[in-house]
Amino acid sequence: MDIYDTLLRWAADQGIELHGISPQQIAGRGIGLVATRPLQKSSTLLTVPTSCLRTLNTVPYRIRQPFPKDAPVHGVLAASLALDALAPNPHFTAWNAVVPSRASLLSSLPIAWPSALLPFLPQPALDLLAKQSANFARDWALFQAHPLFPRAGVTPSITRIDYLYHWLLVNTRTFYHDLSWSTSTRLPAGDRMALQPVADLFNHADAGCGVAFDEEQFIISADRDYDEGEELFISYGAHGNDFLLVEYGFVLERNRWDEVELDEVLLPELTKRQKGLLEEKGFLGNYVLDAETECFRTQVAVRLLSMPLVRDWERFVDEEEEGSEEVQRRADRILVGILRTFLDKVWAVKAELEEVTTGEEGQREMLMNRWRQIEGLLEATIRRLEIK
Ligand SMILES: C[S@@+](CC[C@H](N)C(=O)[O-])C[C@H]1O[C@@H](n2cnc3c(N)ncnc32)[C@H](O)[C@@H]1O
């Protein structure tokens, strides 16, 4: 019997029901869930009883209690998984057998990449990585202070990498789950997390099957009709590819939520006075464009660069008065110039990346792929603005 059959048998014993879907190895995506017969829109694909979830409530008291009351659930769950791994609970053997190996998980996530590769991440990904690293450091410090954390010299020990692996399992496999009906205190939104078997095998797409829960169960249902053999996806959220790369270790080829941040090329074009004006109106920074358009914040900043009179700019910002076609054309020309500067940077990063030998080929390819996507979005926007 292979690991999937074992998982399905165990799942059935737990009351987990799969309707016309089954786990399968998918090239480039690890395991995914695939239709075993034609499926109709809105049909139920999977139900997972609440009793199968691993949440803060299921963490044994001796692990949970010594943590500070406000310790992030992410860190507590990861500690629980790391401690379990020292003396594995046979109840979870079938579930554990299908989670990614330590090598594959650590190789896909930038937080565990060689530091020499990190400067090749786009700026928004670097900013996210800094926050993620700070969160991990906080949780690791809390765990090291825990009375059950193996003291130095004790075997088996738990290393930083052991804990990082379990922390990343939690990071990449939890679902939003509100426990407020069963706990007296309502957890902050970021702490409402649950690990759930089988459902954690759904891969992500920018739109996907429905995910809902009530007190009894999680229910996943088809968002459209599916043919036999098609993979079914859920959406982990409206995330751009920089976010997916840092939090989940992949980028999507087709992603309606993807965007490119322009701050690193737009902010240096602004004088101190212009920055002050933008700040006053709440429009300083966070300039992005996606496949369709540049955001209003970007238009506001570019208009400021293109309009000699501040009062005309204020009319654009406050009253959304477009101004003449000539004004629009001037703004477009300025934005094209800024995007071309960005393109030069992208080409320089790609050229440098081609020479790099550190890290794994898959990691360098992931970075190169991300820069190609950014290049594509910039080029498409330049084309759109130039033919306007
Ligand atoms: C909740 S798990 C999904 C199941 C996972 N494929 C597995 O083998 O266990 C999330 C992880 O799956 C992978 N993944 C999910 N969606 C993906 C996609 N569209 N392309 C590539 N990898 C994906 C990433 O490694 C992500 O961190």
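Order of appearance sets the numbers: ligands from 1, and atoms from 1 within every ligand. In what follows, residues are counted from 1 in the order of the sequence shown.
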Atoms in ligand 1 with a heavy atom of [X] nearer than 4.0 Å:
X      : result
Thr172 : 1 (C), 2 (S), 10 (C), 27 (O)
Leu252 : 19 (N)
Gly30  : 8 (O)
Gly28  : 21 (C), 22 (N)

Test item: [X] side-chain N/O and [Y] main-chain N/O as donor-acceptor pair under 3.5 Å:
X      : Y      : answer
Thr172 : Leu168 : yes
Tyr176 : Ala189 : no
Thr155 : Ser157 : no
Arg254 : Leu252 : no

Can you confirm, on distance only, whether ligand 1 has an N/O atom lying under 3.5 Å from any N/O atom belonging to His204?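 Indeed, backbone or side chain, His204 has an N or O that close.
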Based purely on interatomic distance, does Asp200 place a nitrogen or oxygen under 3.5 Å from a nitrogen or oxygen of ligand 1?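 Between Asp200 and ligand 1, no N or O pair is found under 3.5 Å apart.
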Tell me the contacting part of [X] for ligand 1: side chain, backbone, both, or neither, using a 4.0 Å heavy-atom threshold, strictly below.
X      : value
Tyr248 : both
Ile26  : neither
Tyr236 : side chain

Which residue and non-hydrogen atom of the protein lie closest to [atom], and at what distance in Å?
atom                    : result
atom 21 (C) of ligand 1 : Arg29 CG, 3.4 Å
atom 14 (N) of ligand 1 : Asn203 OD1, 3.2 Å
atom 8 (O) of ligand 1  : Ile31 N, 2.7 Å

Would you check if the distance from the ring center of Tyr226 to the ring center of Phe233 is below 6.0 Å?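 Between Phe233 and Tyr226, which both carry aromatic rings, the centre distance is not below 6.0 Å.
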Leu148 side, atom CG; Gln65 side, atom CD - distance, nearest 0.5 Å: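 Here the interatomic distance stands at 10.0 Å.
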With no hydrogens and no angle check, do the side chains of Gln123 and Asp263 hold a donor and an acceptor under 3.5 Å apart?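 Their side chains do not contain a donor-acceptor pair, so the 3.5 Å distance test is not met.
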Give me the one residue out of Asp242, Asn241, Asn255 that meets side-chain hydrogen bond (donor to acceptor under 3.5 Å, both in side chains) with Gln373.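 When Asp242, Asn241, Asn255 are each tested with Gln373, the side-chain hydrogen bond (donor to acceptor under 3.5 Å, both in side chains) holds only for Asn241.
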